[in-house]
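Encoded as structure tokens, the structure appears first; notes follow it.
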Number of protein chains: 2
Amino acid sequence: MKAATELHYTPNALAQNFVRRRSGNLGVILPLLPKVHLFSKYYFAEILSGIGQAANERGYDLLLMFAGADENKDYLRLFDARKVDALILLGRREIPEDRASLTALVEHKHPFCLIGQRFTGLQTDTVDADHITGSYEMVRHLIESGRRRIAFINGPMEYSNSEDRLAGYKAALADNGIDYDINLIFEGNFSRKSGYELASTIASIHDRIDAVFATNDRMALGLIQGLNEIGISYKDLTVVGYDNADIAQFCNPPLTTVEVPLFEMGQLATNKLLDRMSGGLLGESFHEKLPTRLVVRSTNI
Amino acid sequence: MKAATELHYTPNALAQNFVRRRSGNLGVILPLLPKVHLFSKYYFAEILSGIGQAANERGYDLLLMFAGADENKDYLRLFDARKVDALILLGRREIPEDRASLTALVEHKHPFCLIGQRFTGLQTDTVDADHITGSYEMVRHLIESGRRRIAFINGPMEYSNSEDRLAGYKAALADNGIDYDINLIFEGNFSRKSGYELASTIASIHDRIDAVFATNDRMALGLIQGLNEIGISYKDLTVVGYDNADIAQFCNPPLTTVEVPLFEMGQLATNKLLDRMSGGLLGESFHEKLPTRLVVRSTNI
DNA sequence: CGAATTAATGTACACGCGTACATTTTACGA
DNA sequence: TCGTAAAATGTACGCGTGTACATTAATTCG
């Protein structure tokens, strides 16, 4: 050992990993970021930080990959080529390609974990926030502050998050004796623009609603801007969001929203995944749901 | 080849890299993200996307690392252990630790590239945006629209970007026959809070200035909010920012700012770095500066 | 003090690929 | 048809580590 330090010997990680038959890498799949408006970019930054911190603590390196067009479903290759020992996938959706590639991973029993998405029927590890409760509490908050007719701008149903938030919305209405009205349900694509474009529709039913619950902050902001241009101030119609993105606190008005523990989600996914790997892949797949937190900023009159 | 495909043979990347004596990994060093308020998080997301795209095209994988406390200066280890073939470093500053670790890299002739930071005296590859011109044009724009007494809120001087933006500011003043006044120069730390806290100071010289140029959008927004609480509306005092972060367009008022081609910076750094590596490490070190773009939103009266 | 047990040290080999070189087959012109 | 060059195929070895096993040294206990 003394000689080793004197000679500045550093083990060759390549050779180590080769003979150990493991890469020491935890793969992280991101959607192609440049065009991403679906999530706020800070969504990924936070989750990645959580993953990075946990992985580092356990001696794993992070191999970052963007789910491009080419290797779309070739997650299997990553394992076959021993490039990664496990995989964490972000931003997956309920579309045939994603489902197919994940099914293949399950069949080959490769360890991986989904963050923020659920595929029913697939035995996969998942980590998510409890969006049902998050949505429920937001709606309850609105109701408790006197609103009863609450429009709902959801994201694409390809995301299980959207299902969850709708479920929470419905449950809160039901628990407060308010009828669910399909005519108050709208769909955006999580972009600011989609919120903006719904402004005219919302304006047309303005007199029949007390509030609008947009399922992310960007859509909420777009809507507020669109309504503003039409002449409907935030003082006339409450709009709330979801995510507690950084823009939520700087905008005008500061947005009432739901905080999601993104950093912790990344951390938890990593730890659970690596735990189970060192434990010999035993045990059931896990489905963690972290609590959200209502952030009341200005659900004003 | 036919047999290979029939048997679903996939080369073992570990063995390949081992015998080739290269990892196939491009290391990317990020500052610890969770506590980062210095840059907007979208700064890193954009640059990372650019790096990822370019690296992928050339068959390199991205090894993501967060510059924690422990392995702070152990970038050398990454090369000795053959974990990376080259390194891209983000968010470095002019502090002894950073300078020391970079000096070591230079001495060992390891290929690496800095993005957004310059270390004078060190022969390193760098990619940055042309902040001198970016700052110059912003100030010229302010002057052309009638302002002459322009306060300047800079970031920490540990960042070469801060030097550059100050240089651009000074040059624009000089070219328009306006005296540089040290009393109009302030320093924040790129956080919204630091802008907010400067509000009272700015307010005290309110009658002696026509505009405030904050060198990032977050400080500008914090300042606007702080001024607002004091009773100084954005209609009374123009505030402009820098970066064109996404918050810049949603805030009230929409912020006049300077766009920085972050994605392209990541792309360029990667390509230049890998180019030179495949070319046998020949040639001088490169210092690329990409153009910025003035984004006029509401430099109102 | 010697045998038995335990610890320390030494040795050989395999991991799966690239590469250099040897061998065989094919192609081509005389 | 034969000889030579070119192409295809085959063979052996090394990359730097972990690991299993063999050997040697140190320790323990009767």
Side-chain angles (χ1 to χ4, degrees), chain A residues 1-27 55-63 65 70-71 74-87 104-105 108-112 273-282, chain B residues 1-27 55-63 65 70-71 74-87 104-105 108-112 273-282:
Chain A
M1 293 307 292
K2 194 177 144 218
T5 48
E6 273 174 10
L7 297 168
H8 298 103
Y9 167 76
T10 305
N12 184 329
L14 254 49
Q16 285 182 318
N17 293 333
F18 172 54
V19 72
R20 283 176 181 148
R21 276 94 166 284
R22 35 152 276 173
S23 65
N25 292 334
L26 173 61
N56 219 324
E57 276 177 7
R58 312 183 54 140
Y60 271 82
D61 291 318
L62 240 53
L63 206 63
M65 345 211 50
D70 44 349
E71 83 262 79
D74 264 11
Y75 304 142
L76 277 182
R77 287 267 158 163
L78 295 175
F79 286 97
D80 291 343
R82 305 285 155 76
K83 283 207 172 189
V84 300
D85 300 330
L87 220 46
L105 283 181
H108 287 76
K109 306 195 176 178
H110 290 307
F112 72 100
L273 192 57
L274 297 185
D275 275 349
R276 106 178 338 229
M277 285 178 59
S278 55
L281 284 166
L282 35 91
Chain B
M1 292 309 292
K2 193 175 145 219
T5 48
E6 273 174 10
L7 297 169
H8 298 103
Y9 168 76
T10 305
N12 183 329
L14 253 49
Q16 286 183 317
N17 293 334
F18 172 53
V19 72
R20 283 177 181 148
R21 278 95 166 284
R22 35 152 275 172
S23 65
N25 292 334
L26 173 62
N56 219 324
E57 277 176 7
R58 313 181 56 139
Y60 271 81
D61 291 318
L62 240 52
L63 205 64
M65 345 211 50
D70 43 350
E71 82 260 82
D74 265 10
Y75 304 142
L76 277 182
R77 286 267 159 164
L78 295 175
F79 286 97
D80 290 344
R82 305 285 154 77
K83 283 206 172 189
V84 301
D85 300 329
L87 220 47
L105 283 181
H108 287 75
K109 305 196 175 178
H110 289 307
F112 72 99
L273 192 56
L274 298 185
D275 275 349
R276 108 179 335 229
M277 285 178 59
S278 55
L281 284 166
L282 34 92

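Nothing here was measured: the structure is a model prediction, and the numbers come from that model. Every chain is numbered from 1 and lettered A, B, ... according to where its sequence line falls, protein lines coming before strand lines.
- Annotation for A:Phe18 and B:Ala15: closest pair CE1-CB, 3.4 Å, computed over non-hydrogen atoms.
- Two residues are said to be in side-chain contact when any heavy atoms from C-beta on lie closer than 4.5 Å; B:Asp275 and B:Arg58 meet this criterion.
- Scanning for salt bridge (charged side-chain N to carboxylate O under 4.0 Å, His left out) contacts around B:Arg22 gives an empty result, with sequence neighbours left out.
- Distance CG/A:Asp80 to NE2/A:His108: 6.5 Å, rounded to 0.5 Å.
- Within residues 13-21 of chain A, the residues approached by DNA chain D to less than 4.0 Å at the level of any non-hydrogen atom are A:Ala15, A:Gln16, A:Phe18, A:Val19, A:Arg20, in residue-number order.
- In this structure, B:Arg21 CZ and A:Leu14 CG are separated by 10.5 Å, a value rounded to the nearest 0.5 Å.
- Just one residue in the list B:Asp85, B:Leu105, B:Leu78, B:Leu87 forms a side-chain contact (heavy atoms from CB on, under 4.5 Å) with B:His110, and that residue is B:Leu105.
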Check the interface with nucleotides 24-26 of chain D: list each N/O to N/O pair with the protein under 3.5 Å, or write none.
none

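- Between the CG atom of B:Asn56 and the CG atom of B:Leu26 there is a distance of 11.0 Å, given to the nearest 0.5 Å.
- Contact check of residues 3-10 of chain B against DNA chain D (heavy atom, cut-off under 4.0 Å) returns no residues at all.
- Among residues at least two apart or in separate chains, there is no side chain to side chain donor-acceptor pair (under 3.5 Å) pair with a member in residues 4-14 of chain B.
- Taking all atoms of both residues into account, the shortest heavy-atom contact from A:Asp61 to B:Lys83 is OD2-NZ, 2.8 Å.
- In this structure, the CG atom of A:Asp80 is 12 Å from the P atom of C:dC17, given to the nearest Å.
- Residue B:Tyr60 holds its OH atom at 7.5 Å from OG of B:Ser23, rounded to the nearest 0.5 Å.
- Overall bending of the helix from C:dC1-D:dG30 to C:dA30-D:dT1, expressed as the angle between end axes built from five pairs apiece, is 40° (10° steps).
- One interatomic measurement links the two molecules: CZ of B:Arg82 to C1' of D:dC15, which rounds to 10 Å at whole-angstrom precision.
- Contact record, A:Leu273 with A:Pro111: CD1-C, 4.1 Å, taken as the closest heavy-atom pair.
- Here B:Leu63 contributes atom CG and A:Leu62 contributes atom CG; the two are 7.5 Å apart, rounded to the nearest 0.5 Å.
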